[in-house]
Amino acid sequence: MSAGIIPPEFIRSEKEQPAITTFHGYIPQVPTIDLSDPDEEKLTRLIVEASSEWGMFQIVNHGIPSDVISNLQKVGKEFFELPQEEKELYAKSPDSKSIQGYGSKLQKEVEGKKAWVDHLFHNIWPPPAIDYQFWPKKPPTYRAANEEYAKWLQGVADKLFGRLSLGLGLGEGTLKESVGGDELLYLLKINYYPPCPRPDLALGVVAHTDMSAITILIPNEVQGLQVFRDDHWFDVKYISNALVIHVGDQLEILSNGKYKAVLHRTTVNKEKTRMSWPVFLEPPSDQVVGPLPQLVNEENPARYKTKKYSDYVYCKLNKIPQ
Ligand code: OGA
Ligand code: NI
């Protein structure tokens, strides 16, 4: 075991400790899908299979230029390397209802174990949802780099929603409309996982499924994302310039369970800083989401409740059954 000391509130139970619960041996990989494949039917089939079996896949040749991605990573890293006081300028106020802003593991936790990660949340699309107060002013290129990424990401998101709709036997625009159409919210989170003296005992983000419809994530090169399948935790291998796609709760609900929200978590590293940039594609808060009526009949009854997205979020955050 690695030597080192961390405060007890970071030490996970034996059921959670990565050193005990990570699977070694033959490791099946989440599928990698080439989004530029001209065989449209094959592409749809691969996306549908991955979303039904894993709830997660990586996409390559997605069309977002690599410098757009590296710029996004560069400005995010520069922000997190600023002195703590500079970052605290964007801190979430404890009484704020908004999720936007900076949060640190140094801050007081309400209950339970702490996660070895700092983060920054802010919306990046659509324009009416953007509040630049939460966008770092340092480095000065932060804004342009994030706006550029948001612009490119929409093409990828539309393509994914289109394929996933076809896979349900529905028109290409159905899913996107069901999550708010042009009001679909792009919420960026930056995760910053500093080196941890006891990566065998602590966790980054704990096991969860995302509340979003879809999450599109860029990691840095430090290994850490794990996915749960067949009772085991598996590492998701890092592929340079790939986007990691997660099926979130809202897509599982809309598809009445055909697509599976993926259970995932992150581990931390003894020497290296890990970072990641998930964008949660979420319905607007008053959007009503439930199993699509076209998919429900007497043989296939609705397996989930229909409710406003804000009510879903409230229950999930407060651990109230949906
Ligand atoms: C998250 C998350 C994974 C990662 O922030 O919801 O799952 O790779 N992050 O950092
Ligand atoms: Ni997540």
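Just so you know, ligand 1 is whichever comes first in the structure, and atom 1 is the first atom listed for that ligand.
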Engineer: Is there a donor-acceptor contact under 3.5 Å linking the side chains of T266 and Y193?
Structural biologist: yes
Engineer: With atoms numbered from 1 as shown, which atoms in ligand 1 lie under 4.0 angstrom from a non-hydrogen atom of T266?
Structural biologist: 3 (C), 4 (C), 8 (O), 10 (O)
Engineer: If the cut-off is 4.0 Å to any non-hydrogen atom of S276, which atoms of ligand 1 fall inside it?
Structural biologist: 4 (C), 8 (O), 10 (O)
Engineer: Which residue, Y186, Y142, Y102, Y132, forms the ring-ring contact (aromatic ring centres under 6.0 Å, His included) with H122?
Structural biologist: Y142
Engineer: Decide yes or no on side-chain hydrogen bond (donor to acceptor under 3.5 Å, both in side chains) for Q322 and Y304, but give the supporting numbers first.
Structural biologist: CA-CA 8 Å; Q322 294 289 346; Y304 307 85; over 6 Å; no
Engineer: Taking 4.0 Å as the limit for heavy-atom contacts, which would you say applies to H119 with ligand 1: side chain only, backbone only, both, or neither?
Structural biologist: neither
Engineer: Side chains of T22 and Q226: is there a donor and an acceptor less than 3.5 Å apart?
Structural biologist: yes
Engineer: Is it true that a side-chain atom of N297 and a backbone atom of E299 form a donor plus acceptor pair closer than 3.5 Å?
Structural biologist: yes
Engineer: Using the benzene-type ring in the case of Trp, are the ring centres of F234 and F23 under 6.0 Å apart?
Structural biologist: yes
Engineer: How does D210 reach ligand 1, by side chain, by backbone, by both or by neither, if only non-hydrogen atoms under 4.0 Å count?
Structural biologist: side chain
Engineer: Considering only non-hydrogen protein atoms, determine which one is nearest to atom 6 (O) of ligand 1 and report residue, atom name and distance to 0.1 Å.
Structural biologist: H208 NE2, 3.0 Å
Engineer: Does a donor on one side chain sit under 3.5 Å from an acceptor on the other, for Y312 and D249?
Structural biologist: yes
Engineer: How about S51 and R163: does a side-chain donor come under 3.5 Å of a side-chain acceptor?
Structural biologist: no
Engineer: Which protein non-hydrogen atom lies closest to atom 9 (N) of ligand 1, naming both residue and atom, and how far is it?
Structural biologist: N191 ND2, 3.5 Å
Engineer: Quick one: does N300's side chain have a donor or acceptor within less than 3.5 Å of a partner on V296's backbone?
Structural biologist: no
Engineer: List the closest protein heavy-atom neighbour of atom 5 (O) of ligand 1: residue, atom name, distance to the nearest 0.1 Å.
Structural biologist: K189 NZ, 2.8 Å
Engineer: Any atom of ligand 1 sitting under 4.0 Å from a heavy atom of M275?
Structural biologist: no
Engineer: Side chain, backbone, both or neither: which part of F280 comes within less than 4.0 Å of ligand 1 when only heavy atoms are counted?
Structural biologist: side chain
Engineer: How does H246 reach ligand 1, if at all, at less than 4.0 Å between non-hydrogen atoms: by side chain, backbone, both, or neither?
Structural biologist: neither
Engineer: If we check side-chain hydrogen bond (donor to acceptor under 3.5 Å, both in side chains) with D210, which of these qualifies: H246, H264, K189?
Structural biologist: H264
Engineer: Do the ring planes of Y90 and F79 sit parallel (below 30°), tilted (30 to 60°) or perpendicular (above 60°)?
Structural biologist: perpendicular
Engineer: Measuring from non-hydrogen atoms of R265 to any atom of ligand 1, is the shortest distance under 4.0 Å?
Structural biologist: no
Engineer: Can you list, by chain and residue number, the protein N, O or S atoms under 2.8 Å from the Ni ion (ligand 2)?
Structural biologist: H208 NE2, D210 OD1, H264 NE2
Engineer: Could you see which bit of L217 sits under 4.0 Å from ligand 1, with heavy atoms only: side chain, backbone, both or neither?
Structural biologist: side chain
